[in-house]
Amino acid sequence: MGDTATQRNAVRDAVERVTEMMADEKDYLTDLDSAIGDADHGANMNRGFEAVHEKIGEMGDAPPDELVKTVGITLVSEVGGAAGPLYGGSFMTASAKFEDGITAESSVAFAEAFLEKVKDRGGAAVGAKTMVDALTPAVHTYKKSIEEDDLEPVEALTKAVDACQRGVNFTTPIRATKGRASYLGWRSVGHQDPGATSTLFIVEAIRETAVEYLGDGDLEPDATSPTVPDEDAEGEQGETQEES
Ligand code: ADP
Ligand code: MG
């Protein structure tokens with residue numbers, strides 16, 4: 001996706017979007033967490049991304065993988081509770097996949113490494129009513145869309161957002177078996193998981209950033225479209241959108 005400068009700007013813009021989204025949705029996330037947790041998820045994510053935004057702003061022309069790694073380090077150090085180390089550790093570890101730049105291929109590797117780390121660290125499988133329920137379908141859908149269906153990254157991300165939303169919806173009727181909500185046992189049933197919801201906001205912000213950089217003008221449902229770029233041809237679309 002474009003040259004290093006474009007990728008760096010894209011990461012910065014994605015961080016900006018997530019930061020705004022967490023500020024806008026702070027009360028909503030807190031309401032969700034007050035039903036089945038300790039009412040701090042909105043404040044946690046808002047505080048975490050405010051700090052991330054500030055740190056990233058001080059990083060000059062650091063490469064994109066360094067920026068993503070800093071997102072993780074900052075979340076780990078600024079956000080207590082379950083979500084900070086889970087999100088933070090995953091951004092830190094998965095950032096290594098962007099060492100050679102952000103491409104369709106490396107973004108799939110990033111997404112997979114991210115999910116893997118959340119599962120490793122938190123020990124939650126799908127169905128435990130956590131962020132894993134939203135992240136898993138999003139990552140699997142993204143991977144399949146890129147690798148099997150040959151879709152463009154923006155199309156793949158649009159499908160990932162849909163899958164993520166279904167994952168969020170799936171958390172409502174089930175019982176929590178991991179995290180703070182599990183203390184409630186069956187009383188957790190009927191409430192949407194806050195962490196799954198913040199995951200959706202992050203995936204949405206990434207999609208919006210991808211649309212800005214790659215455009216969503218011709219999202220033909222035709223997967224065999226000749227406009228699907230190959231690895232080497234990447235960048236042309238991104239660069240036309242670059243503005244700073
Ligand atoms: P805390 O629960 O410590 O107050 P937050 O409120 O910030 O932390 O985050 C709660 C969210 O973290 C939950 O809604 C859930 O999605 C996620 N979570 C909690 N425990 C786990 C776990 N073991 N694995 C994956 N996600 C988890
Ligand atoms: Mg909480």
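Every number for a ligand or one of its atoms is a count from 1 in the order of the listing.
- Taking 4.0 Å as the cut-off between side-chain N and carboxylate O, Arg17 and Glu212 count as a salt-bridged pair.
- For atom 23 (N) of ligand 1, the closest non-hydrogen atom of the protein is Gly122 O, 2.9 Å.
- Leu115 and Phe201 fall within a single hydrophobic cluster, where Ile, Leu, Val, Met, Phe, Trp and Tyr side chains are chained together by heavy-atom contacts under 4.5 Å.
- Less than 4.0 angstrom separates some heavy atom of Asp33 from each of these atoms of ligand 1: 6 (O).
- For the residue pair Gln192 / Tyr28, a side-chain donor-acceptor distance below 3.5 Å is found, with atom types taken as modelled.
- Of the protein's non-hydrogen atoms, Arg180 NE, 3.5 Å is the one closest to atom 2 (O) of ligand 1.
- Lys129 places a side-chain N or O within donor-acceptor distance of the main-chain N or O of Ser188, the cut-off being under 3.5 Å.
- For the pair Met21 and Glu204, the minimum side-chain heavy-atom distance is below 4.5 Å.
- Asp133 contributes a side-chain N or O that, together with a main-chain N or O of Gly127, makes up a donor-acceptor pair within less than 3.5 Å.
- For Arg180 and Asp38, the salt-bridge test passes: some basic side-chain N is under 4.0 Å from an acidic carboxylate O.
- The closest side-chain donor-acceptor pair between Thr6 and Asp3 falls under 3.5 angstrom.
- By the criterion of a heavy-atom distance under 4.0 Å, neither the backbone nor the side chain of Ala181 is placed next to ligand 1.
- Among protein heavy atoms, atom 21 (C) of ligand 1 sits closest to Leu86 CD1, 3.7 Å.
- Inspection of the Tyr213 and Asn9 side chains reveals no N or O donor paired with an N or O acceptor under 3.5 Å.
- Of all protein heavy atoms, the one lying nearest to atom 16 (O) of ligand 1 is Asp193 OD2, 2.5 Å.
- If you check which protein heavy atom lies closest to atom 19 (C) of ligand 1, you get Ala82 CB, 3.5 Å.
- For ligand 1, none of its N or O atoms has an N or O atom of Lys178 under 3.5 Å away.
- If you check the side chains of Glu50 and Thr19, you find no donor sitting under 3.5 Å from an acceptor.
- Of all protein heavy atoms, the one closest to atom 17 (C) of ligand 1 is Met131 CE, 3.8 Å.
- The single protein non-hydrogen atom nearest to atom 24 (N) of ligand 1 is Ala124 CB, 3.5 Å, given as residue, atom name and distance.
- A side-chain N or O of His41 and one of Ser198 form a donor-acceptor pair less than 3.5 Å apart.
- With a 4.0 Å heavy-atom cut-off, ligand 1 is reached by the backbone of Thr130 and by its side chain too.
- Under a 4.0 Å heavy-atom criterion, Gly123 is not in contact with ligand 1.
- Using a 4.0 angstrom heavy-atom cutoff, Gly37 does not count as in contact with ligand 1.
- Salt bridge Arg47/Glu78: absent, no basic N to carboxylate O contact under 4.0 Å.
- Remark: ligand 1 and Val118 share no N or O pair separated by less than 3.5 Å (distance only, no angle test).
- Partner of Val118 under the side-chain contact (heavy atoms from CB on, under 4.5 Å) criterion, out of Leu135, Thr130, Thr93: Leu135 alone.
- Protein N/O/S atoms found under 2.8 Å from the Mg ion (ligand 2), listed by chain and residue number: Asp33 OD2, Asp38 OD1, Asp40 OD1.
- Near Ala196, meaning under 4.0 Å from any of its heavy atoms, are these atoms of ligand 1: 16 (O).
- When only non-hydrogen protein atoms are considered, atom 10 (C) of ligand 1 lies nearest to His41 ND1, 4.0 Å.
- Note: Phe91 and Phe114 have perpendicular aromatic rings, judged against thresholds of 30 and 60 degrees for the angle between ring planes.
- Against a heavy-atom cut-off of under 4.0 Å, Gly179 is close to the following atoms of ligand 1: 19 (C), 20 (N).
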